[in-house]
Amino acid sequence: MNYLKFTQYAYLIAAALFAFEAFTQYQAGETNKALIMGIFTLVGIFMFFFRRSYAKKFVERNKKP
């Protein structure tokens, strides 16, 4: 279960890539694609925090006898 510590950062990396793509699409004038990439960015950030809280709960649950 050690991989759970690292998978949460994959969502953060994906969110950063989507944010970069949203910025480049917006600069190119394609606002529809930029909006979709912005939504993916928000979902990636949400998933990062969700997975982090889930991993903390999982660790705390295993500590209790």
Side-chain angles (χ1 to χ4, degrees):
M1 288 299 174
N2 237 358
Y3 65 91
L4 287 177
K5 293 180 183 177
F6 300 110
T7 56
Q8 63 189 355
Y9 294 108
Y11 288 110
L12 198 59
I13 292 169
L17 292 174
F18 283 128
F20 176 74
E21 186 65 25
F23 179 73
T24 56
Q25 292 294 330
Y26 183 75
Q27 291 296 321
E30 298 182 20
T31 55
N32 289 337
K33 290 182 181 180
L35 181 63
I36 292 171
M37 293 298 163
I39 291 170
F40 284 153
T41 300
L42 293 176
V43 168
I45 291 170
F46 169 76
M47 286 300 295
F48 167 74
F49 287 113
F50 178 76
R51 294 289 289 191
R52 187 170 71 166
S53 69
Y54 179 75
K56 286 181 183 179
K57 288 180 185 178
F58 188 74
V59 168
E60 300 235 351
R61 184 178 57 147
N62 285 337
K63 285 183 182 178
K64 294 182 181 179

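All heavy atoms count here, side chains included; hydrogens, waters and symmetry mates do not. Computed from a prediction, not measured in an experiment: that's the story for all the values here.
A search for side chain to side chain contact (heavy atoms under 4.5 Å, CB included) contacts involving Phe20 returns Thr24, not counting sequence neighbours. Here Phe49 pairs with Ile45, Arg52 under the side chain to side chain contact (heavy atoms under 4.5 Å, CB included) rule; sequence neighbours left out.
For residues 15-30, every residue pair satisfying the salt bridge (Lys or Arg N to Asp or Glu O under 4.0 Å) rule, not counting sequence neighbours, is listed here: Glu30-Lys33. For residues 35-49, there are no salt bridge (Lys or Arg N to Asp or Glu O under 4.0 Å) pairs, not counting sequence neighbours.
Contact record, Gly38 with Ala22: N-CB, 3.9 Å, taken as the closest heavy-atom pair. For the pair Gly44 and Tyr11, the tightest heavy-atom approach, listed with the atom from each and the gap, is O-CB, 3.6 Å.
Applying the 4.5 Å side-chain rule to ILVMFWY residues, one finds that Val59 remains a lone member of its cluster. Grouping Ile, Leu, Val, Met, Phe, Trp and Tyr by side-chain contacts under 4.5 Å, direct or through others, puts Phe40 with Phe18, Ile36, Met37.
Phe48 and Leu42 are not part of a single hydrophobic cluster, where members link through side-chain heavy atoms under 4.5 Å apart. There is no path of hydrophobic side-chain contacts, each under 4.5 Å, that joins Ile39 to Tyr26. A continuous path of ILVMFWY side-chain contacts below 4.5 Å connects Met47 to Tyr9, so both sit in one hydrophobic cluster.
Taking CD of Gln25 as the reference point, atom CD of Gln27 lies at 11.0 Å (rounded to 0.5 Å).
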